[in-house]
Every structure is written in structure tokens, then in C-alpha cells.
Amino acid sequence: MDEQLDFGIHMLIPLFTTENGDVFGFTTTHVNTWIIMAILTIFGFYVKKKVEAFTIVPETKFQVAIETIVSMFESFTISTMGEKNKGFAHFYGPMFLFILFANLSGLILLRPPTADIATTFALSLTTFFMVQLYGIKSKGLGYYKELFQPIPLLFPLNVVGELANPISLSFRLFGNILGGTIIMGLYYAMIPWIGLLGIPSILHMYFDVFAGTLQTLIFVMLSMTFVSSAME
Amino acid sequence: MNILEIMFGWMATVDPKALVLGASAIGAGLAMIAGIGPGIGQGFAAGKAAEAMGKNPEHGGKPATLVMLLGAAVAETSGIFSLVIAIIMLFANPLVGRDGAAIILAASAIGAGFAMIAGIGPGIGQGYAAGKAAEAVGKRPKLQSAIVRTMLLGQAVAQTTGIYALIIALLLLFVELF
């Protein structure tokens with residue numbers, strides 16, 4: 001049974017081996033990320049081609065759909081970060097779409113790239129450096145004075161708290177998606193064929209669609225909150 | 001002290017694989033204790049939603065039920081984390097067959113299970129948040145989206161300690177620390 005049980009990361013194209021015996025190369029995470037990137041890029045070019053034919057009053061359903069998505073991201077950004085930070089929608093919109101597609105890719109039998117700690121940690125490090133950058137940009141080096149509040153004695157605790165943010169942010173997404181992947185892998189490996197009729201779709205509904213969408217929303221919302229609170 | 005020495009002496013004579021497997025069974029059981037948290041929390045949320053339904057059945061009942069279901073599903077997270085750790089230990093145990101002192105591997109399995117008990121806290125806390133949100137939505141259904149947003153944000157932060165527990169459990173299981 002252990003041979004069938006499969007939820008790990010595989011080395012698809014090994015490139016070279018180090019002295020310690022570690023193999024470096026392209027894993028399922030890389031390949032699946034490229035697939036998602038390709039889908040999003042093609043979609044982007046398609047919209048760009050169509051956008052020239054857009055009218056002031058929408059005529060096609062496609063234009064209505066695109067405008068709904070864009071205004072949804074804008075109102076979401078405004079309600080979380082405030083009116084003056086509306087421009088962040090251009091960053092968080094694509095990020096939302098990428099994480100959402102990554103989480104949902106389990107539906108088409110890809111291993112979700114977000115079930116790899118490398119992907120989620122990269123995303124949360126982006127947030128971490130954005131927090132530092134925008135904190136310094138809006139307050140100067142005085143931003144780091146907050147680390148000595150309310151009393152200087154708490155400085156080490158504040159530093160640990162600041163460094164814990166990207167870790168908890170990345171592991172929240174990673175843990176949820178990995179949990180779904182493991183449970184689905186176990187279900188497919190263990191249940192006889194009669195259990196594979198219909199029931200997996202319910203499990204996919206919960207672990208991929210519901211948990212995937214919710215964790216995407218939470219990741220983007222927390223990232224927005226961290227950045228905007230550093231700027232206030 | 002004598003009892004401990006006798007116990008460790010006895011453990012050294014047992015087949016290492018059997019010792020690790022036995023400890024994994026205990027660890028898997030311990031991990032599932034975390035289910036207490038989501039149970040209490042979701043029960044509280046359900047109670048608050050029922051209360052909201054009773055007070056304002058025409059306008060507030062349905063939104064309150066929706067918010068309760070959403071919040072309870074988020075509160076389930078720590079239970080799912082525990083389930084994942086228990087399943088890994090039962091079916092895909094990385095400790096079995098690893099080189100090293102059997103007593104350390106066995107202790108790692110029990111420790112990973114123990115760590116997951118922390119899930120009680122986030123489970124209760126998130127369920128409480130879900131219940132209060134359901135109550136608020138029952139009173140003011142028009143503010144539903146703002147209330148849900150605040151609830152999700154708070155629940156995500158409340159999950160943090162549970163995630164730290166998950167990190168430690170995964171480290172104990174998959175990384176050769178000692």
C-alpha cells in the first residue's frame with residue numbers, strides 16, 4: 001500500500017548531485033508552477049488583445065466579467081488597506097490569482113505548488129520585505145523605533161514577533177494545502193474502487209475548493225494588513 | 001530512579017522497530033486529543049447561531065447560519081492538522097527504518113503527538129470568534145461582509161500557535177534533529 005500512497009515532491013528532471021548526495025533539479029513544484037504561470041500569462045495576453053475592443057458601456061459578457069474581477073480586487077484592497085493604498089490592487093490581484101490557481105491545481109491532478117514550503121515561504125518573504133520597505137519609506141528609520149515600544153526591555157521579543165510573521169504566514173497556507181493533499185492521496189490509495197464513485201468530489205469540494213479559496217483570501221488579506229499597518 | 005532505569009533497560013532489549021511503531025501508535029492517539037478544541041468551539045458557534053436565529057428569524061437567521069458554517073469550518077483546521085499528523089504516523093511513518101537510537105525515534109513520535117494537543121487552543125478560540133460573529137450578523141445582517149472579514153482575520157491569527165505546533169511535529173517526524 002505504501003507504494004501507492006503518493007503525496008511527496010518528485011524530482012522530475014535531475015540536474016546535478018552535490019558531494020553530500022543531495023540531488024538538485026526541477027521538481028514537480030517547478031513544473032506545476034510553470035503550468036500555472038503559463039495559464040495566467042496566456043489569459044493575460046488574451047485579455048490585453050481583447051481590451052482594445054472594450055467599449056465604455058460593456059457590450060460583451062467577457063468585458064463584464066473582466067471588469068467585475070478588476071473592481072472586486074480594487075474594492076477588496078480599498079476595504080483592507082484604505083483608499084490611498086488603492087494601487088496595491090495591481091500587486092495583490094495577480095498574487096491572489098496565482099495562489100488561487102495553485103491551490104485549485106489539485107483538482108486537475110497536479111500536486112499544488114503551495115503544498116511545498118519553498119513556494120509559500122517565498123511568497124511570505126515578499127510580504128516581509130514589503131513591510132520593511134514600506135515602513136521605512138513612510139516613516140524613515142523611525143519605523144524601527146516601534147521595536148523598542150512600549151519599553152526597550154521588550155526589544156528581543158518584538159524582533160522575534162516580527163520574524164515570526166513570515167513563518168506563520170507561510171506555514172498557514174502550506175499546512176492547510178498539504179493537509180488536503182495528504183488526505184486526498186491517502187483516500188485514493190486506500191479506498192477500493194467502489195468508494196471512488198462520487199465521494200472524492202465531496203472531499204475535493206472541501207479540501208481543494210473551500211479550503212483553497214479561503215486560505216488564498218486569508219493569505220492575501222493578512223499580507224495586506226501587515227503592509228498597511230507598517231505604513232500607518 | 002530505579003523504576004526509570006529498569007524501564008530504559010527493558011526498552012533497550014525490545015526490537016527497535018517495534019518500539020518505534022508502538023510509540024507512533026501512542027503519538028497518533030495523543031495527536032487526536034486536539035479534537036477537543038474544535039468540538040467545544042464549533043458547539044459554541046452553533047449555539048450562538050441558534051440564538052441569533054431565534055431572536056431575528058426573518059432577516060438575521062440565514063446570514064447567521066452561513067457565518068456560523070464558515071467560521072466552524074475554519075475552526076476545524078486544527079483538527080485536520082492533527083488528523084494529518086496521525087495519518088502520517090500510521091501510514092507513512094518516516095521514523096520507521098531510519099538509523100538512530102530507537103529510544104530517540106520513539107520519543108520523537110510521542111513528542112510529535114504531544115505537540116499537536118496545542119490545537120485545543122485555536123479550536124476553542126476560533127469557534128468563539130465564529131459564535132460572536134454569528135451573533136453580530138444576526139443582529140445586523142447588512143454588515144455581514146465586514147463582520148466575516150474581521151472574523152476570518154482574527155481566526156487566522158488565532159491559528160498561529162497551532163501552526164507552530166504543526167511545524168514542530170513535522171520537524172520531529174521528517175528532519176533528523178538529533
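All values derive from a computational prediction rather than experimental measurement. Labels below follow one simple rule: chain letters A, B, ... track the order of the sequence lines, proteins then strands, and each chain is numbered from 1.
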For this session: Check the side chains of Thr114(A) and Asn103(A) for a donor-acceptor pair under 3.5 angstrom, ignoring hydrogens and angles.
Result: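 A pair is found: one side chain offers a donor N or O, the other an acceptor, under 3.5 Å apart.
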So for [X], is it side chain, backbone, both, or neither that comes closer than 4.5 Å to the heavy atoms of chain B?
| X | answer |
| --- | --- |
| Ala211(A) | neither |
| Leu214(A) | side chain |
| Ile117(A) | neither |
| Phe219(A) | neither |

Exercise. Within the distance-only criterion (no hydrogens, no angle test), does the side chain of Thr119(A) pair as donor or acceptor with the backbone N or O of Ala115(A) below 3.5 angstrom?
Worked result: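 Such a contact is absent between Thr119(A) side chain and Ala115(A) backbone.
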Problem set entry | Donor-acceptor contact present, side-chain Ser105(A) to main-chain Leu110(A), <3.5 Å |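 Absent.
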For this session: Determine, using ring centers only, whether Phe73(A) and Tyr92(A) are less than 6.0 Å apart.
Result: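 Aromatic pair excluded; centres sit 6.0 Å or further apart.
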Exercise. Quick check, are the ring centers of Phe91(A) and Phe88(A) under 6.0 angstrom apart?
Worked result: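 Not close enough - the centres of the two rings lie 6.0 Å or further apart.
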Exercise. Under 30°, 30 to 60°, or over 60°: which ring-plane class applies to Phe210(A) and Tyr206(A), parallel, tilted or perpendicular?
Worked result: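 Rings of Phe210(A) and Tyr206(A): parallel, as their planes differ by under 30°.
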Contact winner vs chain A - [options], heavy-atom pairs under 4.5 Å:
| options | result |
| --- | --- |
| Leu166(B), Ile87(B), Val157(B) | Ile87(B) |
| Leu153(B), Val74(B), Ile85(B) | Leu153(B) |
| Thr161(B), Ile167(B), Ile88(B), Leu70(B) | Ile167(B) |
| Ala156(B), Ala146(B), Ser145(B) | Ala156(B) |

Which answer fits [X], side chain, backbone, both or neither, if we ask what part of it has an atom under 4.5 Å from a heavy atom of chain A?
| X | value |
| --- | --- |
| Leu170(B) | side chain |
| Ala73(B) | both |
| Ile163(B) | side chain |

Exercise. Thr77(B) versus Gln159(B): any side-chain heavy-atom pair under 4.5 Å?
Worked result: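 Yes, side chains in contact.
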Exercise. Would the number of heavy atoms belonging to other residues, nucleotides or ligands and lying under 6.0 Å from CZ of Phe226(A) be above 12?
Worked result: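 Enclosed: over 12 neighbouring heavy atoms sit under 6.0 Å from CZ of Phe226(A).
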